[in-house]
2 protein chains.
Amino acid sequence: MGRRNLHTREQQTEMAIAATELILVREGMQGLTMRKVADAIGYTVGNLYLLFQNQDQLLLAVNERTADAIYVALRDSVEGIAEPRAQTKAMSAAYIEFGLRHASRWRLMFEHSLPVGAARPRAIELRIRRMFELVENGLRPQMPGAPEERLRLTATTLWSGVHGICVLAVTGKLRWSGTDNFRDLSDHLVDTFLLGLGNERGTGIKRGTARASAAE
Amino acid sequence: MGRRNLHTREQQTEMAIAATELILVREGMQGLTMRKVADAIGYTVGNLYLLFQNQDQLLLAVNERTADAIYVALRDSVEGIAEPRAQTKAMSAAYIEFGLRHASRWRLMFEHSLPVGAARPRAIELRIRRMFELVENGLRPQMPGAPEERLRLTATTLWSGVHGICVLAVTGKLRWSGTDNFRDLSDHLVDTFLLGLGNERGTGIKRGTARASAAE
DNA sequence: CTCAATTATGAACGACGTACATTTGAAATC
DNA sequence: GATTTCAAATGTACGTCGTTCATAATTGAG
């Protein structure tokens with residue numbers, strides 16, 4: 001067969017991404033192959049390589065969507081919520097909820113890594129950054145007068161923590177503890193952290209000296 | 001060739017695990033193959049399958065060691081430190097330090113997942129549990145009179161948070177933020193969280209209702 | 001209708017995880 | 001020391017993977 005004109009390049013790309021997500025959901029990352037994706041959209045493997053340079057690029061495209069979806073989920077979660085603390089809690093709950101509900105896509109996003117030395121994709125970084133900005137916005141009213149850099153540090157810290165709960169929840173690494181209610185964990189983290197934030201007095205953030213030591 | 005008696009089964013197993021770790025360090029998870037491991041220990045692939053049922057079992061053996069190493073690192077990090085808060089901070093710093101220094105092995109441990117429906121290995125769970133107990137021990141003096149279940153919840157929460165920082169640090173997902181000093185992040189998290197813990201008053205941990213909804 | 005340009009194909013390649021019949025050599029028996 | 005025995009190690013084979021590319025099929029322009 002030659003040119004079929006059934007779908008444009010863009011349509012095929014769209015279909016391929018959607019098919020990848022579906023396979024990911026149904027069979028996990030290990031069940032995903034280029035051939036399955038090609039079959040699912042009614043084309044051959046060779047054709048898939050006219051759409052994506054390689055498998056990594058396809059997965060990157062999927063991750064880009066996932067990042068968008070997370071952003072939207074977080075943004076929606078604070079809609080209509082005025083109280084800053086409630087906003088932060090709602091966002092963290094929404095984040096974990098998303099991770100659990102879309103486990104395979106979420107894991108692909110955070111576990112897939114490019115071959116060594118490959119350039120980190122701008123698009124994904126940008127989206128992670130936007131996500132953190134959302135957190136900063138919710139945090140700002142709770143830290144009146146704090147310099148912007150301090151706000152960023154705090155947002156990064158808190159959200160890394162929330163992310164940690166999500167990681168362990170999604171990968172089932174907390175199963176031994178009997179904890180199946182992750183909302184408790186995230187609420188506890190956010191509540192306690194924010195409480196501590198409001199009670200800082202003379203504690204003074206210590207700027208440590210240990211730098212990231214690249215090894216191994 | 002037949003029986004060579006150069007190494008016992010146990011020695012070969014040991015060699016295989018060590019070789020796997022070395023390859024992991026040098027080439028990452030994607031560079032790891034059964035053939036490379038076999039070559040590295042001077043045996044053939046077939047022989048490797050007399051030592052490990054399959055690749056997953058080999059990786060599990062590696063992960064078991066990693067878990068032990070983390071445990072030891074955490075235990076050593078609090079040696080000679082009396083003050084509970086300092087203990088907790090030292091442990092979290094040691095945890096992140098370990099993750100950064102042994103990135104590939106650390107990632108393998110937390111990102112490798114068995115095929116769907118496979119039983120979670122007891123040995124690994126046990127080791128994760130022991131690690132959390134270490135955290136609980138450091139936390140206990142800082143929560144006088146707290147019931148054991150609450151202590152466990154708190155330890156899980158805090159350590160999930162530390163883990164989150166570690167994940168993002170190790171996978172380079174925080175690179176955009178200019179943060180290369182992860183000790184700042186973990187100290188900030190621990191300080192603020194513990195401060196909040198000491199100031200709880202009428203806040204009362206809310207027991208949420210959202211359960212883990214298995215989906216996708 | 002013809003023909004160049006484009007699009008999709010499918011065969012092929014090397015590498016992978018894994019299985020297993022075959023061969024090798026150490027030890028047991030005589 | 002020769003022979004037997006049997007575990008240990010080999011190496012070939014199979015199916016699948018990601019990826020490439022010569023080839024065939026289809027389209028739109030002239």
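Naming convention: chains lettered A, B, ... in sequence-line order (proteins, then strands); numbering from 1 in each chain. In what follows, every heavy atom counts, from backbone to side chain, and hydrogens, waters and symmetry copies are set aside. Nothing here was measured: the structure is a model prediction, and the numbers come from that model.
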Going by ring-ring contact (aromatic ring centres under 6.0 Å, His included), name the residues that satisfy it together with A:F98, two or more places apart in sequence or in a different chain.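 ring-ring contact (aromatic ring centres under 6.0 Å, His included) check on A:F98 returns A:H102.
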Between the side chains of A:R65 and A:E21, is the shortest nitrogen-to-carboxylate-oxygen separation below 4.0 Å, so that they form an ion pair? no
Tell me which residues in residues 46-56 of chain B lie within less than 4.0 Å of DNA chain D, going by non-hydrogen atoms.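 Residues of residues 46-56 of chain B that come under 4.0 Å of DNA chain D are, in numerical order, B:G46, B:N47, B:L50.
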Can you sort out the partners of [X] under side chain to side chain donor-acceptor pair (under 3.5 Å), two or more places apart, ordered by chain and number?
X	value
A:N47	A:Q12
A:N54	none
B:R127	B:D68

Does A:R9 make a side-chain N or O approach to OP1 or OP2 of C:dT6 shorter than 4.0 Å? no
Quantify the bending of the helix from C:dC1-D:dG30 to C:dC30-D:dG1 as the angle between its end axes, each fitted on five pairs, to 10°. 20°
When you measure from the side chain of B:E136 to the backbone of B:L151, do you find a donor-acceptor pair of N or O atoms at a distance under 3.5 Å?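 No, because the side chain of B:E136 does not come within donor-acceptor range (under 3.5 Å) of the backbone of B:L151.
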From D:dG18, C:dG17, D:dT19, nucleotide with atom closest to A:V45 side chain: D:dT19
What's A:Q12 touching, base or sugar-phosphate or nothing? Going by heavy atoms closer than 4.0 Å.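 Here A:Q12 touches the backbone only, sparing every base.
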Below 30° counts as parallel, above 60° as perpendicular, anything between as tilted: where do the rings of A:Y95 and A:F110 land?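 Perpendicular.
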Are side-chain N/O atoms of A:T88 and A:Q142 paired as donor and acceptor at under 3.5 Å? yes
